[in-house]
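For reference, the structure is listed below as structure tokens.
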Protein chains: 2
Amino acid sequence: MAERKREKRDPQQRRAEILAAAFACFSERGFAATRMEDVATRAGIAKGTVYLHFPDKEALFTELVSGIASPILGRIEGLAANEAIPPRFAISMFYTLFRREVLETDRRHLLRLILAEGPMFPAVTEFYHREIISKGLGVLRTLLARAADRGELRHPAIADIPQIVIAPALLSIVWMTLFEAYEHLDTQKLFDAFLETLFVPEGGAK
Amino acid sequence: MAERKREKRDPQQRRAEILAAAFACFSERGFAATRMEDVATRAGIAKGTVYLHFPDKEALFTELVSGIASPILGRIEGLAANEAIPPRFAISMFYTLFRREVLETDRRHLLRLILAEGPMFPAVTEFYHREIISKGLGVLRTLLARAADRGELRHPAIADIPQIVIAPALLSIVWMTLFEAYEHLDTQKLFDAFLETLFVPEGGAK
DNA sequence: TAATTATGACTGACTGGTCGGTCATTAACA
DNA sequence: TGTTAATGACCGACCAGTCAGTCATAATTA
């Protein structure tokens, strides 16, 4: 019978603890099935306390999914800015970062959340498109155009459709969270093969 | 004040009407936010009547998503069985069917539902993997192997990862249901460009 | 330094409303 | 008239959000 001690906290820290708990709960059960009391319990506080930091459930949710502003995006933007870095390497780096920072961490659940609950929260979707997707596609477009110029693409027309680059990433997320239990997908192989398909072989004229 | 006449129906027909209503409701609002009374009203009947045909909400949902057994799968299986049909044409046909039968119809919402609610209904996910995904991947594997044998793939190793073929389809579904409102994606171009990337150019050695 | 008071973060029982599922009653049909 | 399908009022579980009260801590005073 663990007696819970009343404990004051730095508001910032408490807020962070609530967000962490909410992250875990929403990841596991989605928006609708998560009870505010679950979040509170997980954060080790009482239900009412949550409401001292967030006006309502929806605000907690949107704050959460918006707050995980892609650290990946920044890294890729950096790589793309440097013209000395081969586009193929930059995109390969993107996949590597994606695997390491999203696919193989709990963040993958968050990405699923956005896919799953998106239509219920247009504000979140709009935010994601504006802040992540559209910027990311811009970077990819630059990289693909550069690769096309240098004759590195097997089919230069894909430079117009940068979405194609994120297709395998999306697939991997969906697969991992839905079907991995029934059939394993080797994401390393997936990304490698895809890169190899997009770009002309490296050793072509060594 | 439209008075609703009590009306007996052929059970099969009634059942179908309920499923159609459920399809509309679940598509629009997801599982949690759909009320059984919404479904009933939409079907033009009283709430209790729904329960004469389905034991509970979950059964209605799983019946619905399982029942839309892919008509596409059969068509593709047919194309793959005929070795005279070029693999590239078969896969191109797959994309065309996918666009016409899923992406541009209300069925796209159903596919989203499976993505979104999948983890909450393992039985549905398992069913989909067993009946659709694993069979579909089998067909694709056959097609890709044949294409590789004939030297038609730019990168033969992808024959091992048939998932790559469904990546753009998945992307198109997600894009259409989340971001299309903010930024248009030309799915025709997406699929065409992707095909062109997978396969060696047609006119190579006519 | 020790006792007293003020603060506001924290608590959890409670409320109001929602919704899945039931069943006694009623209408339609054979 | 007896049988069957349909109805919708009703039940009870559930849960987001509230708020009157509590208490750990800090500030003030002696």
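Naming convention: chains lettered A, B, ... in sequence-line order (proteins, then strands); numbering from 1 in each chain. All heavy atoms count here, side chains included; hydrogens, waters and symmetry mates do not.
- For A:Arg35 and D:dA13, the CZ to P distance is 15 Å, given to the nearest whole Å.
- Taking 4.0 Å as the cut-off between side-chain N and carboxylate O, B:Arg42 and B:Glu28 count as a salt-bridged pair.
- The NZ-C1' distance, from A:Lys57 to D:dC14, rounds to 12 Å in whole Å.
- Within the structure, the salt bridge (charged side-chain N to carboxylate O under 4.0 Å, His left out) test picks out the following pairs touching residues 101-110 of chain B (sequence neighbours left out): B:Arg99-B:Glu104, B:Glu101-B:Arg107.
- Judged purely by atom type and a 3.5 angstrom limit, B:Trp175 has no side-chain atom pairing as donor or acceptor with the backbone of A:Gln163.
- The pair B:Arg35-B:Asp38 counts as a salt bridge, with a side-chain nitrogen and a carboxylate oxygen less than 4.0 angstrom apart.
- If you check residues 13-33 of chain B against DNA chain D, the residues with a heavy atom closer than 4.0 Å are B:Arg14, listed by number.
- Relative ring orientation between B:Phe31 and B:Phe61 is described as perpendicular, the plane-to-plane angle rising above 60° on a 0-90° scale split at 30° and 60°.
- Between B:Tyr95 and B:Phe194, the angle of the ring planes goes over 60°, which puts this pair in the perpendicular group of the 30/60° scheme.
- Look at CG on B:Asp10: it is 19 Å from P on C:dA28, rounded to the nearest Å.
- OP1 or OP2 of D:dT7 lies within a sub-4.0 Å distance of a side-chain N or O belonging to B:Thr49.
- When the C1' atom of C:dC14 is taken as reference, atom CD of A:Glu37 falls 12 Å away, rounded to whole Å.
- Across the protein-nucleic acid pair, A:Asp38 atom CG and D:dG17 atom P stand 14 Å apart, rounded to whole Å.
- Proximity of A:Lys47 to the phosphate of C:dG12: no side-chain N or O atom is located under 4.0 Å from OP1 or OP2.
- As a whole-Å value, the separation of B:Tyr51 OH from C:dG20 P is 6 Å.
- As judged by a 4.0 angstrom heavy-atom cut-off over every strand, B:Thr34 is placed among residues touching the sugar-phosphate backbone only.
- What separates CG of B:Asp56 from P of C:dC19 is a distance of 17 Å, to the nearest Å.
- Residue order along DNA chain D, read from the 5' end via each residue's closest nucleotide, puts A:Met36 first among A:Met36 and A:Gly48.
- Taking 4.0 angstrom as the limit, A:His53 places a side-chain polar atom (N or O) nearer than this to OP1 or OP2 of C:dC10.
- Across every non-hydrogen atom of B:Leu60 and B:Ile18, the tightest pair is CD1-CG2, 4.0 Å.
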